[in-house]
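One structure is given below, encoded as structure tokens.
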2 protein chains.
Amino acid sequence: MIPVTIHHVAQKARCSVASVSRVVNGTGPASPAMRARVEVAVAELGFQPSEVGRSLARRSRRILGVLVPSVTNPIFAASLAGIQDRARAAGLSVLIAQSDYDPGREREAVEALLAERPAGLVLTVCDPYDSLALDLVERQGIPTVLVYNDPGDRRISAVTVDSRGASRALVEQMIALGHRRIVFVAGHFAASDRSRLRYLGYADAVSAAGLPVEPPTEVDFIVGADDVDLTELVSRLRPTAIVASNDLLALSVIASLRRLGLDVPGQVSVAGFDGIALGRLVDPPLTTVEQPAGTMGVAAVSLLLELAAGRCESQRLLINHTFRPGGTLQPPVAQVRLSKRRQSSQNLVHQESSR
Amino acid sequence: MIPVTIHHVAQKARCSVASVSRVVNGTGPASPAMRARVEVAVAELGFQPSEVGRSLARRSRRILGVLVPSVTNPIFAASLAGIQDRARAAGLSVLIAQSDYDPGREREAVEALLAERPAGLVLTVCDPYDSLALDLVERQGIPTVLVYNDPGDRRISAVTVDSRGASRALVEQMIALGHRRIVFVAGHFAASDRSRLRYLGYADAVSAAGLPVEPPTEVDFIVGADDVDLTELVSRLRPTAIVASNDLLALSVIASLRRLGLDVPGQVSVAGFDGIALGRLVDPPLTTVEQPAGTMGVAAVSLLLELAAGRCESQRLLINHTFRPGGTLQPPVAQVRLSKRRQSSQNLVHQESSR
DNA sequence: CAGCCGACTGGAAACGTTTCCAGGACCCTA
DNA sequence: TAGGGTCCTGGAAACGTTTCCAGTCGGCTG
């Protein structure tokens with residue numbers, strides 16, 4: 001059960017450990033006879049060089065550290081899958097950590113990753129503008145790429161999408177369709193700059209159209225399918241369209257609206273962000289802004305490899321988003337009638353047909 | 001940028017590396033003065049012990065190796081989240097690998113994990129009865145826990161659910177509701193013993209009721225939201241109920257049926273397995289058998305820790321599944337009329353209302 | 001006061017690997 | 001035949017840490 005080391009191999013092949021190392025790694029010269037002897041010994045003993053000793057000796061690890069807020073969010077799972085695939089192609093193992101959207105935990109997680117002395121780091125942090133974890137990373141000077149985060153004035157590379165622009169475009173589309181009461185629903189607002197940028201895009205579009213900018217509605221929303229309660233929001237603002245800060249939340253919002261007896265998109269339109277695969281499976285398909293998470297993961301690792309090899313400088317990659325029409329966004333119905341009677345209605349839910 | 005080592009700390013604190021090690025780890029005696037000097041030096045230099053040197057010295061790693069078929073499947077993402085949480089609580093880092101349901105890749109992945117000399121392994125393999133990867137692991141004798149897999153006659157621990165029994169119970173329920181033409185749709189049949197066991201449960205129930213056991217319909221289905229084409233299946237067998245080998249596939253099946261103009265559950269009932277969170281968000285909620293993936297992940301790591309500490313023997317944990325009614329399973333409509341006219345209909349889709 | 005014991009400290013070996021360097025064998029050329 | 005080159009090989013240092021062991025020092029007991 002004791003793992004077989006290079007010394008065992010050397011003994012069996014009657015040569016020095018140096019020669020074994022050279023044969024196994026294909027570095028340096030070796031006579032055919034030697035090569036054969038070593039290969040036989042390796043096969044018989046089932047020798048596999050220890051990455052620990054190996055990375056200690058060459059003071060560089062074949063490991064990548066990855067931090068995401070939560071792997072149960074399909075968008076990060078997809079990103080992780082992309083990272084993992086690209087890393088494997090480059091012969092790197094992937095060390096993974098989750099922050100659960102908690103800055104404190106984020107810092108601990110990054111510390112643990114750093115202790116492994118990885119070749120590089122791929123991070124999606126809560127708030128890049130105020131992240132102890134990023135401070136740590138910067139001080140260490142280890143190659144790092146942010147995913148989904150805007151690095152601000154840090155000298156850190158990033159692969160991002162134009163969250164604010166995408167959000168603005170989406171909301172402009174809603175306005176063009178005739179929506180006038182549009183609200184923004186967010187989860188983890190405090191702990192997600194993605195949410196925040198998307199809200200800003202919403203605000204851009206709404207205020208440009210001279211409509212009221214509602215403060216974001218924050219809902220308790222962690223795992224991905226919690227029940228959200230929109231009763232108060234719906235009764236107070238009676239929106240005709242809701243922008244959710246991500247697809248998972250959008251699906252929750254839709255389920256919640258339907259529980260309130262509201263038809264989506266008949267009475268309320270809903271749109272999200274991310275473009276998770278499951279959005280296409282629901283009926284009608286979710287209207288969303290697609291951001292290719294897998295591709296972003298792949299791009300992040302590719303960039304990281306270039307960075308680590310010193311073949312390029314710190315830089316930012318902007319990945320294109322695409323609008324996916326889906327079917328949960330429609331022109332509002334009975335727009336005029338509704339706004340005429342705005343004051344008089346005290347109904348909890350506003351079912352146009354009953355008025 | 002060169003990382004600070006224990007020697008730098010020792011130099012700064014004017015003591016030996018041995019003392020630094022003792023203070024940092026809290027092992028062995030140290031005078032208050034020494035402790036203070038070292039702590040100051042550690043803080044000033046931002047020293048963080050290298051896990052590499054550390055694990056080489058104590059020949060044990062604070063790392064857990066995890067293999068799942070694919071992190072984009074929410075069920076494995078949830079399992080991974082559970083594993084990760086429990087591991088973090090125990091101070092272990094998590095190394096992750098994916099097999100993409102490919103036995104060859106599975107072997108490579110496990111080899112790479114093994115090279116890191118992890119403290120233990122948590123695996124979900126394609127086929128435990130014929131897995132080179134598991135052979136490797138067994139030979140190495142490293143503490144290992146299977147998740148979702150039945151270890152067969154291997155001496156490996158496992159955390160599983162009774163897939164076959166759960167499937168049988170589900171199909172019996174369908175039969176009790178009046179369904180007579182029930183088919184089983186699977187993805188990755190060849191590469192997933194979960195699928196296979198669920199099919200066997202289906203066969204158990206169907207044959208016990210004296211109904212025809214249809215061979216499983218395999219569909220191309222990798223990422224989680226591909227379009228599946230059920231045209232041929234529907235036209236040939238005209239099922240009133242479909243059992244999908246997992247929830248993701250069930251959602252795809254529902255979307256596909258609706259594209260064919262069929263109402264779910266009005267004309268065809270559909271049920272899945274796993275109990276992914278998103279199943280509750282669709283309309284109507286997906287009928288499924290819930291298997292608590294996160295809990296299984298947590299249990300797997302807990303078991304692994306006991307195993308590694310030598311506090312228990314290799315064992316198998318069976319986690320309970322629960323039936324989640326949802327709304328996609330209903331009694332079949334127009335059962336009698338349909339079977340009467342079975343021969344005459346050559347329609348691609350069988351819309352009961354139009355007959 | 002001698003002896004002993006405990007607390008503290010530092011030196012050094014060990015972990016498994018890579019890699020530098022030097023030595024040896026052999027062949028070729030001048 | 002001497003000299004120089006090439007090719008192969010092994011010894012040993014290095015990587016960063018833990019841990020065993022031996023040594024020192026002070027205080028306590030007899």
Side-chain angles (χ1 to χ4, degrees), chain A residues 1-39 41-42 45-63 91 93 114-119 140 142, chain B residues 1-39 41-42 45-63 91 93 114-119 140 142:
Chain A
M1 286 316 145
I2 160 178
V4 18
T5 76
I6 200 173
H7 290 100
H8 302 140
V9 179
Q11 195 174 5
K12 181 142 202 156
R14 300 184 315 283
C15 67
S16 70
V17 294
S19 296
V20 177
S21 175
R22 274 189 294 257
V23 170
V24 168
N25 295 293
T27 80
S31 67
M34 170 72 79
R35 204 183 309 277
R37 282 213 315 279
V38 169
E39 274 162 5
V42 164
L45 267 46
F47 167 70
Q48 199 187 8
S50 152
E51 275 301 322
V52 181
R54 200 170 248 200
S55 38
L56 185 59
R58 38 162 119 100
R59 37 205 145 291
S60 95
R61 301 220 56 185
R62 311 278 327 157
I63 278 204
S93 292
L114 247 21
E116 293 288 346
R117 304 282 189 269
Q140 207 100 357
I142 182 173
Chain B
M1 287 317 144
I2 161 177
V4 17
T5 76
I6 200 172
H7 290 101
H8 302 141
V9 178
Q11 195 174 6
K12 182 142 200 156
R14 299 184 314 284
C15 67
S16 70
V17 295
S19 297
V20 177
S21 174
R22 276 189 293 256
V23 169
V24 168
N25 295 292
T27 81
S31 68
M34 170 72 80
R35 203 182 312 276
R37 281 215 315 279
V38 169
E39 272 161 6
V42 165
L45 267 44
F47 167 71
Q48 198 186 10
S50 153
E51 274 302 321
V52 181
R54 199 170 250 200
S55 40
L56 186 59
R58 45 160 114 100
R59 35 204 150 293
S60 95
R61 302 222 56 185
R62 311 278 330 157
I63 279 204
S93 292
L114 247 20
E116 293 288 347
R117 303 281 189 272
Q140 207 98 359
I142 183 175

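Here is the naming used below: chain letters follow the sequence lines, and residue numbers restart at 1 for every chain. Side chains are part of it too, since the values below use all heavy atoms of this structure and drop only hydrogens, waters and symmetry mates.
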Between H8(A) and P3(A), the two heavy atoms sitting closest are CE1-O, 3.9 Å

Regarding the side chain of N25(A), the nearest nucleotide among dT18(C), dT9(C), dT18(D) is dT18(C)

From CG of L56(B) across to C1' of dC15(C) the rounded distance in Å is 4 Å

Mind checking P29(B) for me? I need base, sugar-phosphate or nothing, with any heavy atom below 4.0 Å counting as a touch. base

Main chain of S55(B), side chain of R61(B): is a donor-acceptor contact present, judged purely on distance under 3.5 Å?
no

query: Any sub-3.5 Å donor-acceptor pair from R14(B)'s side-chain atoms to Q11(B)'s backbone N or O?
result: no

Note: for R37(B) and P49(A) on DNA chain C, the residue whose nearest nucleotide lies more 5' is R37(B)

Here the distance between atom C1' of dA13(C) and atom CZ of R59(B), to the nearest Å, is 11 Å

Table of protein N/O atoms under 3.5 Å from nucleotides 20-24 of chain C N/O atoms:
none

Sugar-phosphate, base or nothing in reach of S21(A), heavy atoms under 4.0 Å: base

The reported gap from OG in S60(A) to CZ in R117(A) (rounded to nearest 0.5 angstrom) is 13.0 Å

Here the distance between atom C1' of dT17(C) and atom CZ of R61(A), to the nearest Å, is 13 Å

To the nearest 10 degrees, the angle between the two end axes of the helix from dC1(C)-dG30(D) to dA30(C)-dT1(D) (five pairs per end) comes to 60°

> Under the side-chain contact (heavy atoms from CB on, under 4.5 Å) criterion, do I63(A) and E51(A) qualify, and how do the steps go?
Replying inline: CA-CA 10 Å; I63(A) 278 204; E51(A) 275 301 322; over 6 Å; no

Between CZ of R58(B) and C1' of dA13(C) the distance, given in whole Å, is 18 Å

Assign each of S19(B) and G53(B) the nucleotide of DNA chain D bearing its closest heavy atom; nearer the 5' end lies the nucleotide of G53(B)

Report yes if a side-chain nitrogen or oxygen of S31(A) is closer than 4.0 Å to either non-bridging phosphate oxygen (OP1 or OP2) of dT9(D); otherwise report no. yes

E116(B) atom CD is separated from dG16(C) atom P, nearest whole Å, by 15 Å

| Under the side-chain contact (heavy atoms from CB on, under 4.5 Å) criterion, do M34(A) and C15(A) qualify, and how do the steps go? | CA-CA 8 Å; M34(A) 170 72 79; C15(A) 67; 3.8 Å; yes

key: side-chain contact (heavy atoms from CB on, under 4.5 Å) between V9(A) and K12(A), intermediate numbers included   = CA-CA 5 Å; V9(A) 179; K12(A) 181 142 202 156; 5.8 Å; no

To the nearest angstrom, the CD1-P distance between I6(B) and dA12(C) comes to 17 Å

DNA chain D nearest-nucleotide lookup for S50(B) and M34(A): closer to the 5′ end is M34(A)

**Prompt:** Is the phosphate of dG16(C), meaning OP1 or OP2, less than 4.0 Å from a side-chain N or O of T5(A)?
**Reply:** no

Picking from dT18(C), dG10(D), dT18(D), the nucleotide nearest the side-chain atoms of A57(A) would be dT18(C)

Practice problem: Take N25(A) and R54(A), measure what side-chain contact (heavy atoms from CB on, under 4.5 Å) needs, and give me the verdict at the end. | Solution: CA-CA 11 Å; N25(A) 295 293; R54(A) 200 170 248 200; 3.0 Å; yes

Quiz item: Is a donor on one side and an acceptor on the other found under 3.5 Å between the side chain of R59(B) and the backbone of A57(B)?
Solution: yes

Of the candidates dC8(D), dG10(D), dT18(C), the side chain of R54(A) sits closest to dT18(C)

Separation of dT17(C) atom C1' from H8(A) atom NE2, nearest Å, is 14 Å

Taking every heavy atom of V17(A) against every heavy atom of I6(A), the minimum-distance pair comes out as O-CD1, 3.7 Å

In whole angstroms, the gap separating C1' of dG16(D) from CG of L45(B) amounts to 15 Å

